[in-house]
There are 2 protein chains.
Amino acid sequence: MACVRFLNLKPYMSPTLLRPRFPTSSQLRAFSAGLMSPPSTAVIYETHGPPDTVTKVIQLPPIEIKANDVCVKMLAAPINPSDINRIQGVYPVRPPVPAVGGYEGVGEVHSVGSAVQGLSPGDLVMASPPSPGTWQTHIVTDRSFWHKIDRGTPVEYAATVTVNPLTALRMMEDYMNLKSGDAIVQNGATSMVGQCVIQLSKLRGIHTINIIRDRPGSDEAKEKLMKLGADEVFTESQLELKNVKSLLGNVPEPALGFNCVGGNAASLVLKFLRQGGTMVTYGGMSKKPITVSTSSFIFKELSLKGFWLQKWISSDKTKECREMLDYLLSLIREGKLRYDMELTSFNEFHTALDKALGKHGSQPKQVIKF
Amino acid sequence: MACVRFLNLKPYMSPTLLRPRFPTSSQLRAFSAGLMSPPSTAVIYETHGPPDTVTKVIQLPPIEIKANDVCVKMLAAPINPSDINRIQGVYPVRPPVPAVGGYEGVGEVHSVGSAVQGLSPGDLVMASPPSPGTWQTHIVTDRSFWHKIDRGTPVEYAATVTVNPLTALRMMEDYMNLKSGDAIVQNGATSMVGQCVIQLSKLRGIHTINIIRDRPGSDEAKEKLMKLGADEVFTESQLELKNVKSLLGNVPEPALGFNCVGGNAASLVLKFLRQGGTMVTYGGMSKKPITVSTSSFIFKELSLKGFWLQKWISSDKTKECREMLDYLLSLIREGKLRYDMELTSFNEFHTALDKALGKHGSQPKQVIKF
């Protein structure tokens with residue numbers, strides 16, 4: 001099972017964890033026979049609950065680096081909403097507790113097992129496919145977990161390129177064959193996925209119609225999205241009219257819509273869609289459901305679907321996944337794809353977590369630097 | 001345009017309509033040169049509005065039967081909800097007013113134009129594809145509109161087999177490849193489509209889970225559906241529990257669901273669906289929208305779509321449509337497909353219309369016999 005080595009914390013999680021332990025016979029063999037990792041400082045949770053109360057930073061003892069293992073010194077990992085949901089225990093697929101937090105991230109090869117090929121100390125590697133357990137300084141796991149990337153990649157982008165930008169790219173490719181001149185409508189357009197959709201669309205000649213919340217600073221948010229390449233940006237209140245399509249000007253009616261909000265913002269995406277269009281839901285930031293009229297299905301022939309990156313990744317698509325990541329990273333290195341992030345030192349993990357939990361209002365994506 | 005001859009009532013709809021008219025020169029030619037139809041007694045509406053007030057029965061004068069025309073003496077035609085919606089003016093595709101009501105129906109060939117092949121007086125024919133204008137005693141239109149069927153077919157079934165049974169069959173075939181042993185869940189199971197889904201599924205070894213309203217007589221309704229071959233029948237109130245799937249017993253979780261109600265009844269269909277399942281909406285009897293949680297799309301990977309028979313029929317599928325109708329009619333003749341109807345004489349059209357409008361509570365499908 002792919003995630004086992006990341007997750008197998010049981011031996012360390014006993015009440016005696018933080019005290020020096022008398023080595024078992026197998027550990028004795030490890031100590032005597034094998035290469036050992038450095039200790040790992042990790043954010044762990046032993047029960048599900050509010051992330052700011054159930055997570056703590058502890059030190060895990062060294063672990064043996066077996067023949068096919070790679071030990072990676074982590075450099076950066078983000079705090080994504082799904083990481084928070086895993087800790088809360090509300091994410092449908094989550095590691096058994098106790099567990100180390102995090103799901104995606106980037107690091108530098110620290111040492112490799114005797115049989116490892118194609119990776120050497122100093123190489124920049126991403127956890128790909130991503131797996132639970134990236135919020136720690138040193139990870140030891142099978143070589144197959146790691147994808148070597150160009151050393152010139154900014155680590156904060158390598159750390160964050162999988163969960164959000166890959167979602168944007170996959171959603172643009174999986175549901176219909178969009179051509180230059182087509183259009184996409186999306187809500188939550190200031191999100192990282194939203195920013196990526198705008199830029200990836202622009203690169204392909206696809207128009208984007210973007211819906212954002214009404215809030216202080218929405219004018220600045222609009223301007224920023226326009227600079228990224230958005231064709232149209234509307235706040236929800238601007239769309240309180242019968243015929244939203246009258247606002248489209250030269251932008252064609254979109255055949256594809258993305259929803260990460262729900263409630264009214266989802267209804268607005270549906271309103272913009274053309275006959276026979278598809279809305280893909282990939283998030284529910286408003287925590288409100290999606291409400292659809294019968295006639296939208298029968299007469300407007302809309303289809304509603306969902307996208308779940310974790311499902312796609314787990315369906316044995318490692319090669320395809322890595323090719324898409326390489327493409328996204330090349331765009332990033334060329335300056336063609338960018339998005340907001342805030343970097344925080346691992347020492348201040350709980351400050352970053354509080355921001356990710358929304359305690360200080362809307363904040364850019366929090367990325368931990370180890 | 002396929003429907004033109006059915007709809008082209010303009011010459012008859014002037015205020016002078018019911019008085020003898022002085023023939024125009026072209027009509028004079030018709031009178032002198034051509035075969036003429038009998039006059040037609042028709043249910044017409046000159047404006048959109050409440051069907052019981054805007055419809056009236058009038059007599060239309062004879063019309064020329066051209067070389068490729070067939071004159072059909074209608075035998076039976078149903079009053080479907082979409083007929084009512086067309087008269088109300090709320091159906092998205094509807095004939096211009098003034099118009100003759102009705103959309104599907106069956107008749108007997110009365111006379112044929114000089115160039116018509118393959119049809120003779122006395123043949124039983126269906127309007128296929130169906131077109132607006134079947135609520136009248138005599139229709140004259142191009143031969144291509146008519147599909148000859150087995151003389152042994154009960155006319156009330158031939159009159160009703162297109163709109164509802166064909167919807168059931170197409171929905172079972174268009175969205176996934178169902179195999180014997182699979183299951184379907186549907187609400188509105190006592191509807192004509194619902195009854196057909198049960199029987200067509202039974203014939204293919206597909207299980208059906210059926211949801212009906214709570215109302216007096218629901219026990220009898222349940223029993224009737226079980227006799228048609230339903231595996232499970234539940235009233236909505238029986239499904240007010242957290243885990244509806246615990247009620248399934250040996251019936252597998254359904255991958256396909258049909259919704260013709262909306263509101264809570266649609267949510268119940270979604271609850272029964274298995275991971276990755278599809279719900280197809282083809283009606284909205286409750287007039288309530290469909291509400292779906294974000295997690296149903298992302299984590300349960302449900303897809304929601306709509307089915308509109310009229311769209312399917314209009315997409316140049318006449319041959320495929322007629323083959324499916326022949327299959328359904330053969331099942332009917334073999335006694336393998338049946339459903340509730342009430343036959344009413346054309347003389348009492350407005351009595352049948354009142355029943356179809358729900359003025360006398362829940363009633364079986366109203367079928368006019370001419």
Side-chain angles (χ1 to χ4, degrees), chain A residues 81-82 85-86 90-94 167 171 174-175 187-188 193 257-267 269-270 273 275-312 314-315, chain B residues 81-82 85-86 90-94 167 171 174-175 187-188 193 257-267 269-270 273 275-312 314-315:
Chain A
S82 51
N85 296 152
R86 279 189 200 89
V90 300
Y91 207 70
V93 177
R94 52 186 189 264
T167 291
M171 291 198 303
D174 280 4
Y175 298 92
N187 60 30
V193 170
F258 300 142
N259 164 48
C260 67
V261 182
N264 178 57
S267 301
V269 168
L270 295 173
L273 283 180
Q275 181 81 21
T278 295
M279 181 172 85
V280 179
T281 290
Y282 69 97
M285 290 197 289
S286 73
K287 300 193 192 302
K288 288 180 188 152
I290 296 142
T291 301
V292 196
S293 70
T294 297
S295 63
S296 294
F297 286 118
I298 303 180
F299 303 130
K300 203 176 166 187
E301 301 175 280
L302 298 185
S303 291
L304 273 66
K305 298 177 180 181
F307 178 78
W308 188 16
L309 186 77
Q310 184 161 343
K311 174 68 186 279
W312 183 80
S314 63
S315 56
Chain B
S82 50
N85 296 151
R86 279 188 201 90
V90 299
Y91 207 71
V93 177
R94 51 186 189 264
T167 291
M171 290 200 304
D174 279 5
Y175 298 92
N187 60 30
V193 171
F258 299 141
N259 164 49
C260 67
V261 182
N264 179 57
S267 301
V269 168
L270 294 174
L273 283 179
Q275 181 81 20
T278 296
M279 181 172 85
V280 179
T281 289
Y282 68 97
M285 290 196 289
S286 74
K287 300 193 191 301
K288 289 180 187 151
I290 296 142
T291 301
V292 197
S293 69
T294 297
S295 63
S296 295
F297 286 119
I298 303 181
F299 304 130
K300 203 175 166 187
E301 300 174 282
L302 298 185
S303 291
L304 272 66
K305 298 177 179 180
F307 178 79
W308 188 16
L309 187 77
Q310 185 161 342
K311 174 68 186 279
W312 183 80
S314 63
S315 57

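Just so we're on the same page: letters track the sequence lines, and every chain starts at 1. Atom set for the values below is all heavy atoms of this structure, side chains included, hydrogens, waters and symmetry mates excluded.
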| Interatomic spacing from OG in B:Ser295 to OH in A:Tyr91 - rounded to 0.5 Å | 11.5 Å
| task | Could you have a look at A:Ser293, A:Gly284, A:Pro92 and say which one has the most heavy-atom pairs with chain B under 4.5 angstrom? | result | A:Pro92
| Per-residue contact mode, A:Lys288 against chain B (heavy atom under 4.5 angstrom) | backbone
| request: Just do the side-chain contact (heavy atoms from CB on, under 4.5 Å) check on A:Val292 and B:Leu304 with the steps written out, would you? | output: CA-CA 10 Å; A:Val292 196; B:Leu304 272 66; 5.6 Å; no
| said: Check for me whether the distance between the ring centres of A:Phe297 and B:Phe307 falls short of 6.0 Å. | reply: no
| Contact part of A:Lys311 toward chain B, heavy-atom cut-off under 4.5 Å: side chain, backbone, both or neither? | side chain
| said: Working to the nearest 0.5 angstrom, can you tell me the gap between A:Ser296 OG and B:Ile290 CD1? | reply: 8.5 Å
| query | Between atom OG1 of B:Thr294 and atom NZ of A:Lys287, what is the distance when rounded to the nearest 0.5 Å? | reply | 9.5 Å
| said: Which heavy atom of A:Thr281 sits nearest to which heavy atom of B:Ile298, and what is that distance? | reply: O-CG1, 3.6 Å
